Amino acid sequence: MPKKESLIHQLIDLEWQFFTQVQGLNGRAICQENPQTFAIMRRAQHQIFSEKTLDALMNDLLDAAEVGHNPMTEKYARMMEQSDPDYFAREIATEYLPLSAEKTVTLQALRQLFADAQSAFSENELAQQVRGRVAVSGAGEVSGLDYLMGELATWSMVTLNLALEDIKAWQAAGRNPVEAIVAYTVAAYREKAEEES
């Protein structure tokens with residue numbers, strides 16, 4: 001197995017451990033009982049990043065596990081800042097340190113790159129065939145972009161800077177990382193359906 005694929009497999013295993021421990025406001029979610037779907041979605045995202053970035057992300061997750069921190073819980077908490085800002089401010093905000101100025105700037109740069117990629121992908125025929133998240137967060141729903149930003153906010157600056165280099169490289173090569181994520185996801189679900197039929 002190639003090193004990158006092995007690394008993705010290890011990342012998904014560790015992320016699943018974090019994910020199954022997340023306690024939502026209404027208890028466990030249905031998706032927490034479906035490791036196969038989780039693996040498809042996580043692999044789709046991880047495959048757009050370089051081995052170097054994924055290695056740095058693994059270090060982030062191992063560091064989090066060592067101190068008893070669940071980055072998946074933080075991810076969903078930070079997403080709630082967009083979907084339910086009042087609840088976030090009242091009940092959650094004090095549990096997490098505010099993002100540093102440096103991290104905020106890097107996240108904004110990544111957000112813009114992904115927003116541009118999403119906009120370009122919306123014109124693609126494949127985009128018309130899939131149903132994704134809402135375009136704008138609000139009233140308990142989180143957009144795909146805010147979902148991603150919630151996760152990236154949990155990454156270290158080392159990992160974020162490497163990720164930024166990766167996405168800039170996609171752009172420079174005239175390739176679209178959002179399209180790559182969706183295309184992988186669609187192909188994986190088709191393969192899953194064929195195996196089950």
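FYI, the numbering just counts along the sequence from 1. All values derive from a computational prediction rather than experimental measurement.
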Linked hydrophobic residues, I40 as query - side chain contacts closer than 4.5 Å: M41, Y189

H9 NE2: over 12 foreign heavy atoms closer than 6.0 Å: no

Please report the interatomic distance CG(N59) to CG(L54), rounded to the nearest 0.5 Å. 11.5 Å

Parallel, tilted or perpendicular: which describes the rings of Y76 and Y147, with under 30° parallel and over 60° perpendicular? perpendicular

For E151, give me all partners under salt bridge (charged side-chain N to carboxylate O under 4.0 Å, His left out), at least two apart in sequence or on another chain. R42, K75

Interatomic spacing from CZ in F18 to CG in L61 - rounded to 0.5 Å: 5.5 Å

Nearest heavy atoms of P71 and T154, plus distance in Å: O-CG2, 3.6 Å

To the nearest 0.5 angstrom, please state how far the CG atom of D13 sits from the CH2 atom of W16. 11.0 Å

Walk me through it: do L145 and Q118 pass the test side-chain contact (heavy atoms from CB on, under 4.5 Å)? CA-CA 9 Å; L145 195 53; Q118 180 64 55; over 6 Å; no

CZ of R90 to CZ of F88: how many Å apart, nearest 0.5 Å? 12.5 Å

Got a sec, which residues hit ring pair (Phe, Tyr, Trp, His ring centres under 6.0 Å) with F49, two or more places apart in sequence or on another chain? W155

Under 4.5 Å side-chain heavy-atom separation, chaining through any Ile, Leu, Val, Met, Phe, Trp or Tyr, what else clusters with Y184? Say none if it is isolated. none

CE of M58 to NE2 of H46: how many Å apart, nearest 0.5 Å? 8.5 Å

Less than 3.5 Å apart, which donor and acceptor atoms pair up between the side chains of residues 171-178 and the rest of the protein, not counting sequence neighbours?
from : atom 1 : to   : atom 2 : distance (Å)
N176 : OD1    : V178 : N      : 2.9
N176 : OD1    : E179 : N      : 3.2
N176 : ND2    : A117 : O      : 2.9

Would you list the pairs meeting side chain to side chain donor-acceptor pair (under 3.5 Å) in which at least one residue belongs to residues 93-114, sequence neighbours left out? R111-D146, Q112-D116

What distance do T20 atom OG1 and E15 atom CD have between them, rounded to the nearest 0.5 Å? 12.0 Å

Side-chain heavy atoms of T73 within contact of Q21, under 4.5 Å: no

For E5, enumerate each residue passing the salt bridge (charged side-chain N to carboxylate O under 4.0 Å, His left out) test, keeping only those at least two apart in sequence or located in another chain. R43

Residues in side chain to side chain contact (heavy atoms under 4.5 Å, CB included) contact with E51, at least two apart in sequence or another chain: K3, K4, L7

Summary of side chain to side chain donor-acceptor pair (under 3.5 Å) pairs that have at least one residue in residues 158-167, sequence neighbours excluded: S50-D166, T53-D166, D60-T159, S156-T159

For R78 and A153, the nearest pair of non-hydrogen atoms, with its separation, is CD-CB, 3.6 Å

Can you get from L99 to V158 by hopping between Ile, Leu, Val, Met, Phe, Trp and Tyr side chains that sit under 4.5 Å apart? no

Can you sort out the partners of E91 under salt bridge (charged side-chain N to carboxylate O under 4.0 Å, His left out), two or more places apart, ordered by chain and number? none

Does V105 have any side chain to side chain contact (heavy atoms under 4.5 Å, CB included) partners at least two apart in sequence or in another chain, and if so, which? none

Same cluster or not: L162 versus I181, using hydrophobic residues (I, L, V, M, F, W, Y) connected whenever any side-chain heavy atoms lie under 4.5 Å apart? no

Take L164 and L160 through the test side-chain contact (heavy atoms from CB on, under 4.5 Å) and record every step on the way to the result. CA-CA 6 Å; L164 183 58; L160 283 176; over 6 Å; no

Side-chain heavy atoms nearer than 4.5 Å, only ILVMFWY residues, links allowed to pass through others: does that put M157 and L110 together? yes

